[in-house]
Structure formats: structure tokens, C-alpha cells
Amino acid sequence: MILSTPALYVNGEYNLEKENQSPLSQKNRRRSGNSRGNAPRAGAEKPAKRTSDKAAAPRGQKPRAQKPRSQKNRGEDKQRAADLKPAQPREKRAKAPKQPREGNVQAGKKAVKIVFLGGVGEIGKNMTAIECGDDIIIIDAGAIFPTEETPGFDLIVPDITYLIENRKKIRGLLLTHGHEDHIGGVPYLLKELKVPVIGTKLTLALVDNKLREHRINDAKEITVSPGQIVQLGCFKVRAVNVNHSIAGSLAFAIQTPQGVIFHSGDYKIDLTPVAGEPIDLKTISDFGASGVLLYMGESTNIERAGFTMSETVVGTTLDRLFGENLKRRLIVATFASNVHRLQQIIDLAVKYKRKVALSGRSMLNVVEAAEKIGEINVPDGAIVDVSKIKNMRDSEIVVVSTGSQGEPMSALSRMSNGENQFVTVGENDTVIISASPIPGNEKLVYRVINNLYKLGAEVVYESLQNIHVSGHACREEHKIMHHLLKPKFFIPVHGEYRHLKKHAQLAEELGMPSGRIIIPDIGNRVLLTTNGMKLGESVPSGSRLIDGEGIEEEKASTVIEDRRQLSEEGLFIVSVTVSGGVVLGEPAINSRGFVFDFHRDYDREIRSVINRAIDGYDLSLGTVDELKRTIKRSLANYLYKKTKQSPMIVPVVVEL
């Protein structure tokens with residue numbers, strides 16, 4: 001269910017408001033006062049403001065705050081002393097005495113806990129929980145694709161054991177944007193936790209596609225736009241516009257009982273975006289001026305110097321390539337989620353009188369979803385079905401395809417292997433790969449490029465042209481963000497350990513004391529107050545492995561080890577028939593994926609080893625399971641001695 005008028009969370013209800021004033025606004029700060037979720041940064045609180053509403057009223061004049069100082073050496077009358085008494089306890093609390101590990105900084109104010117369930121020490125499956133008292137909010141629920149270490153699985157998502165144990169506290173899931181590493185785990189989370197999902201129109205439209213695939217029809221979705229505020233328990237969250245390689249990207253300014261936490265999401269500073277508004281540096285600066293307790297900043301491109309190029313650079317390069325290939329067929333592979341780039345390609349196709357054919361399920365889904373909510377403009381007749389392009393001239397068509405990362409089953413990979421039923425690559429094709437390889441995908445991408453060249457196509461990719469720009473900030477942009485926010489504490493997120501370390505070092509170079517920085521790991525729980533930040537007890541964490549409809553806990557999984565052994569060493573299946581405690585006939589032996597390094601008599605030798613194991617075991621005194629273990633142990637010892645290999649051995653005993 002999508003709520004067209006989303007709302008603040010109060011006693012189970014939601015409401016949204018547009019914050020028309022900056023966070024620095026005096027009126028706004030007085031209105032919010034010391035309410036839950038809007039505590040000012042330590043050191044920024046002034047006792048005069050806290051008592052002005054009551055203490056100033058009798059006098060009604062500005063000099064009231066000055067008088068105690070002017071009469072210090074002349075004595076104070078009783079009335080003046082009485083007037084000043086209410087301010088004294090608040091001044092004392094503002095000094096924030098030292099707290100225990102999970103104690104309160106001030107009466108009634110509990111420490112904020114930040115729980116890292118994914119996205120730190122790795123690229124992908126981003127998920128962070130922020131907890132205070134009886135309230136928890138979740139930021140992102142991402143996924144990553146399997147690696148060589150997790151063969152045969154479809155997807156990997158965070159372990160949400162901690163969230164399941166605290167399900168009654170969860171107030172909502174905030175999504176920064178619609179990339180797979182931030183929304184890929186949403187369906188699996190919603191199967192176990194019924195929580196509202198909060199994001200922009202495009203983000204939720206992409207989530208809807210996933211929920212339909214998983215037949216989840218009862219999800220509550222709340223649409224937010226930049227500048228809107230949602231109250232989730234004690235957390236007051238403002239959505240802040242940022243630029244990224246997908247439309248509808250947000251940062252979140254989260255007002256907690258301890259102070260403001262600013263979570264950057266994925267961002268770059270693009271002052272000339274293809275569509276939409278530039279990153280909202282004014283609001284970010286205002287939050288910095290009013291006080292940011294903790295900054296959680298993404299770190300993906302921290303190793304790159306300078307600034308990330310604007311998306312408009314790609315449009316200029318694409319325009320030139322369209323002009324240089326007027327008589328050739330164009331095939332453009334890019335991320336399906338990069339709606340702004342898709343818009344540029346569609347606009348250029350119209351300019352050069354070409355039709356657009358979409359190839360790949362995710363490409364079709366994204367364009368459909370983006371067009372439905374107005375994020376992309378497709379002129380009538382601009383798109384044709386890819387099945388009809390064989391009857392069109394090469395100069396009349398541009399194919400927009402998935403597969404920019406060399407995914408084996410993607411549309412572009414099938415084209416490069418000659419297996420795509422609608423697109424056959426040839427010498428009159430120019431293939432433009434408008435993406436850079438994600439770390440770990442380099443081999444797959446270059447394999448596709450090599451195959452395309454072998455088919456006679458011309459291939460344009462990032463190392464040859466400015467055909468792709470990143471959606472992540474480089475070092476100079478990170479410096480700007482730190483200077484604008486001026487946080488008291490800092491935690492780098494979204495990156496492998498080297499990225500987090502480099503970002504922490506950058507913060508130190510900018511003047512942040514090392515004692516105010518924590519480099520987190522998955523499972524860490526950070527305790528945050530106005531006075532300090534430190535690691536608390538860790539929480540259950542890790543990965544869940546998705547294979548079809550099945551879910552496997554990585555730490556407890558025997559499936560991973562079995563699959564690794566199968567992929568590396570092969571398989572032996574030994575079948576034995578038993579009747580009345582007697583083995584009948586010869587054992588049947590089947591092997592798969594096993595390489596023998598001795599002569600053809602291996603079959604006779606293996607049978608001999610198995611028969612000796614059976615003959616040496618008295619089945620009338622033992623059990624079938626013990627016989628299986630005996631066969632497995634004898635064959636494993638023989639194979640390792642002969643071949644130095646340890647295949648998986650599966651004994652099968654059939655009782656008649």
C-alpha cells in the first residue's frame with residue numbers, strides 16, 4: 001500500500017511536513033525545543049535560550065540576560081536570585097557529566113546505538129540500524145551478488161537476526177536510493193518484519209518491482225521528497241537531496257535525543273545535473289552551522305583525487321559517438337537504474353532519428369517504472385520492441401542493453417556469445433559500454449569486450465572515452481562535505497576496509513581528533529552520546545545466502561563447504577545393496593568433476609578398496625550409517641594417497 005499523504009509516526013500513525021525554514025532558524029529551534037529527536041549538539045546549547053520563554057516574560061527586555069553579570073560584584077536582590085534559579089539545573093545538565101557505557105547523558109535521554117549489519121568492510125548489502133530506547137530505524141536493506149567463495153547462490157543479504165529479536169522496536173526502513181546494494185534485500189526483510197518502507201517515488205517504484213516478484217502485496221510504503229520530515233518514534237528524519245547515478249537519491253539528517261546524525265547515502269557534488277536539482281549544499285551547511293553530532297559518510301571513491309565529473313560529460317561524448325556512427329547500428333550497455341543516462345540516450349536517438357530497442361528484463365522494468373512516475377520522458381513511438389529490429393536498417397536503431405558488468409546471463413553477454421535471439425552482433429555494430437567495472441567484475445567485462453571484437457564489432461569503453469562517470473564523491477568532494485557539516489564525531493561507511501581507513505585519515509587531516517573516529521565492522525554496535533562515542537557489545541551479524549526460495553545462514557552453512565568441495569575436487573557416489581545383513585553384488589561407482597592421474601585400472605582398484613572395506617565390516621553387529629562411514633573413510637584415504645585430491649564422497653546403501 002502506498003500512502004499518497006505520508007505522515008509523522010505518532011502512536012502508530014504517520015505524517016509528513018515540509019520544513020520551510022532552515023535548521024538554523026531560531027523560530028524552528030524554539031518550536032522544537034528540547035523535544036525528542038531534536039536535541040542540539042553538545043556545546044551549542046545556551047542556557048539563556050532554554051529559559052527565555054519563562055524567565056524573560058516578566059521583564060520583556062533583552063537586557064534581562066545581561067543583568068546577572070552586571071550585578072555580580074554589587075550583590076543580587078532576592079527576586080533576581082529567584083528569577084535565575086530555574087536556569088541553574090539546566091546549566092548543570094549542559095555540562096554533561098561522564099556516563100556509563102549505556103547510561104544517560106541527561107535525565108531521560110538514553111544513549112543512541114548505531115548497529116552495522118552490512119556495507120562496512122565490503123562493497124554492497126548496505127544496512128545500518130539506529131536505536132534509542134524503544135525505537136529503531138533501519139537505513140537501507142541492500143544485497144550483493146555471489147562471489148567465487150559462494151558458488152551457486154543467487155544473492156547475498158545481511159543477517160537480520162538482531163532486528164528480528166527487536167521487531168517491536170522497529171519504526172521504519174529508510175531507503176537512500178534504488179540501487180541493488182541498497183534495496184536488493186528489501187523483499188527478504190519484509191518477509192520477516194512488517195515495517196513501513198520510506199523512500200522517493202523512483203526508489204519505491206523499483207522496490208515495487210521486487211515485491212511483485214516475491215508476491216508481497218501488503219507492504220506499507222511512504223513516499224518522501226527532499227525537504228520533507230518524517231517522525232519515527234524518537235527520531236525526526238529530514239530527507240536531503242543529493243546527486244548520484246540514479247534519480248531520487250537522498251541523504252538523511254536524523255535528529256536524535258543526543259543530537260543530529262547525518263547519513264550521506266551515496267552522493268557526489270554535481271552542480272550541473274542532467275535532471276533534477278543539484279545537491280542541497282545550503283541545507284547541509286545549515287545543519288553543520290546548527291551542530292552535527294555524528295557524520296556517517298560514504299567512502300567508495302575516497303582513493304580518487306579531485307572531483308567526480310558531471311553526468312553532462314557523458315551526454316557530450318554520447319552525442320559525438322552518435323554523430324560519428326550515422327550509418328552503423330549502435331548498442332549501448334549501461335546500468336538500468338541510471339535513469340538520467342537512459343534519458344540522454346533516448347533524447348539523442350530522437351535527435352538522430354533512431355528508434356530505441358530495450359534489451360534485458362531489468363532495463364524494461366526500470367524504464368516502465370520511471371516513465372509511470374514521470375522520472376523519464378519517452379516520446380510517442382520512440383521505443384520499439386527488440387524483436388522487430390531485424391527488419392530495420394542499422395542506421396535507424398539503437399539497442400539499449402543490460403550487461404555493462406559482464407553478468408553471464410545478461411543481454412550483452414548473450415550477444416557477445418552469439419546466444420541472443422534478437423540481436424546478432426556483426427561488423428556494422430558499434431557497442432558502447434557506458435559503465436566502469438565494479439571491483440571484482442573486471443574479468444567478466446573484458447571477456448565480453450574480447451568476444452565482441454571477435455564478432456567484428458567496434459567497442460567503446462571507459463578507458464578509451466569519457467563514456468562513464470561515477471556517482472560517488474572523490475576526495476575533494478569529501479573535504480567539502482566535512483567542512484560544511486563540521487561534525488563532532490565521524491564514522492566512515494560504504495566501502496572495504498581500505499576505503500574506510502582512507503576516509504578516516506582524511507577526516508584527521510581536516511582536524512578531526514582520531515579519538516572521535518571509529519572504523520566499524522559488521523556486527524559492531526557503537527554507543528553515541530553528546531560526550532563521547534565508543535564500541536559497545538557486538539550483535540549477531542553476517543550474511544544470508546539466497547538460492548531460489550531457500551535461505552541459508554552463511555556462518556552455519558554446510559552447503560557452502562559442500563559446493564566449494566564439489567567445484568574444486570569433484571564428486572564420487574558409491575552405491576551398495578544390502579539384504580539380510582549381506583552385501584549383494586558389486587558396488588556401483590559414479591564420479592563427476594574428478595581428474596585421475598593414473599592408468600585405466602583405477603576402476604578395478606577403487607572397487608577393490610571398497611570391497612575390502614565392506615568385507616572388514618560385520619553389518620550384523622553394526623548399522624548402515626556406520627557402513628557408510630567405513631566406505632567413505634577407506635575411499636577418501638585411497639584417493640588422497642593416489643591423487644592428492646579430496647573429492648566429496650557420498651555412500652548410498654540400499655536395503656532390500
Side-chain angles (χ1 to χ4, degrees), residues 1-3 6 117-119 123-128 138-146 150 153-160 163-164 170 172-224 244-250 265-266 334-339 342 358 360-373 375-376 402-405 407 409-411 438 471 543-552:
M1 177 178 67
I2 298 178
L3 302 181
L117 299 175
I123 301 288
K125 68 179 180 70
N126 297 286
M127 180 181 280
T128 304
I138 309 165
I139 301 177
D140 291 329
I144 54 174
F145 293 106
T150 52
F153 289 96
D154 300 326
L155 210 60
I156 302 173
V157 298
D159 183 339
I160 58 171
L163 299 178
I164 293 171
I170 299 173
L173 168 62
L174 296 158
L175 300 177
T176 57
H177 62 282
H179 278 155
E180 194 72 16
D181 57 334
H182 293 259
I183 67 169
V186 172
Y188 304 98
L189 183 143
L190 292 183
K191 287 178 181 178
E192 300 193 62
L193 299 171
K194 300 301 181 185
V195 299
V197 183
I198 303 155
T200 58
K201 283 184 179 180
L202 180 60
T203 301
L204 294 182
L206 297 176
V207 168
D208 282 342
N209 288 338
K210 296 180 177 297
L211 299 186
R212 280 194 295 271
E213 290 178 8
H214 288 265
R215 297 182 292 280
I216 298 175
N217 302 313
D218 59 347
K220 180 181 288 186
E221 297 178 351
I222 302 175
T223 305
V224 293
H244 188 41
S245 55
I246 185 172
S249 296
L250 298 173
D266 285 355
T334 189
F335 293 109
S337 60
N338 196 332
V339 175
L342 295 177
L358 304 176
R361 186 182 64 168
S362 62
M363 189 68 70
L364 291 164
N365 288 341
V366 169
V367 171
E368 180 185 357
E371 188 178 14
K372 188 182 298 182
I373 63 173
E375 283 287 353
I376 194 169
T402 58
S404 62
Q405 294 303 302
E407 302 95 320
M409 297 305 294
S410 67
I438 294 172
S543 298
R544 288 183 165 187
L545 311 173
I546 310 298
D547 192 0
E549 294 295 321
I551 299 179
E552 182 87 358

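Sequence positions, counted from 1, serve as the residue numbers for this chain.
We find the CD1-CD distance between I160 and E192 to be 4.5 Å, quoted to the nearest 0.5 Å. Taking OG of S249 as the reference point, atom CG of L175 lies at 11.5 Å (rounded to 0.5 Å). Atom CD1 in I183 sits 5.0 Å away from atom CG in L206 (nearest 0.5 Å). To the nearest 0.5 angstrom, N365 atom CG is 11.5 Å from D208 atom CG. To the nearest 0.5 angstrom, L189 atom CG is 5.0 Å from I138 atom CD1. Residue I373 holds its CD1 atom at 4.5 Å from CG of L202, rounded to the nearest 0.5 Å.
Partners of K194 under the salt bridge (charged side-chain N to carboxylate O under 4.0 Å, His left out) rule, at least two apart in sequence or in another chain, are D218. For K201, there are no side-chain hydrogen bond (donor to acceptor under 3.5 Å, both in side chains) partners two or more places apart in sequence or in a different chain. Scanning for side-chain contact (heavy atoms from CB on, under 4.5 Å) contacts around F145 gives L155, E180, with sequence neighbours left out. Under the rule for a side-chain hydrogen bond (donor to acceptor under 3.5 Å, both in side chains), D154 has no partner lying at least two apart in sequence or in another chain. For E371, there are no side-chain hydrogen bond (donor to acceptor under 3.5 Å, both in side chains) partners at least two apart in sequence or on another chain. In this structure, the side-chain hydrogen bond (donor to acceptor under 3.5 Å, both in side chains) partners of T203, at least two apart in sequence or on a different chain, are T200.
In this structure, the side chain of E407 engages the main chain of Q405 through a donor-acceptor pair within 3.5 Å. Formation of a donor-acceptor pair under 3.5 Å by the H244 side chain with backbone atoms of G471 is found in this model. No donor-acceptor distance shorter than 3.5 angstrom exists from the side chain of N126 to the backbone of G142, with no hydrogens or angles considered. Side-chain atoms of D140 come within 3.5 Å of backbone N or O of T176 as a donor-acceptor pair.
Between A369 and N209, the shortest heavy-atom distance links the atoms CB-ND2, 4.1 Å. The two residues E221 and L211 have their closest heavy-atom pair at OE2-CD1, 3.5 Å. Across A219 and L190, no two heavy atoms sit closer than the pair CB-CD1, 3.9 Å. Across all their heavy atoms, G360 and T402 have their closest contact at CA-OG1, 3.8 Å. Scanning both residues, I246 and S337, for their nearest heavy atoms gives CG1-O, 3.2 Å. Of all non-hydrogen atoms in I376 and V367, the two that sit nearest each other are CG2-O, 4.0 Å.
A heavy-atom distance below 4.5 Å is not found between the side chains of K210 and V186. Using a 4.5 Å heavy-atom cutoff, the side chains of V157 and K125 are not in contact.
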- Item | Derivation of the side-chain contact (heavy atoms from CB on, under 4.5 Å) call for L250 and L174 | CA-CA 10 Å; L250 298 173; L174 296 158; over 6 Å; no
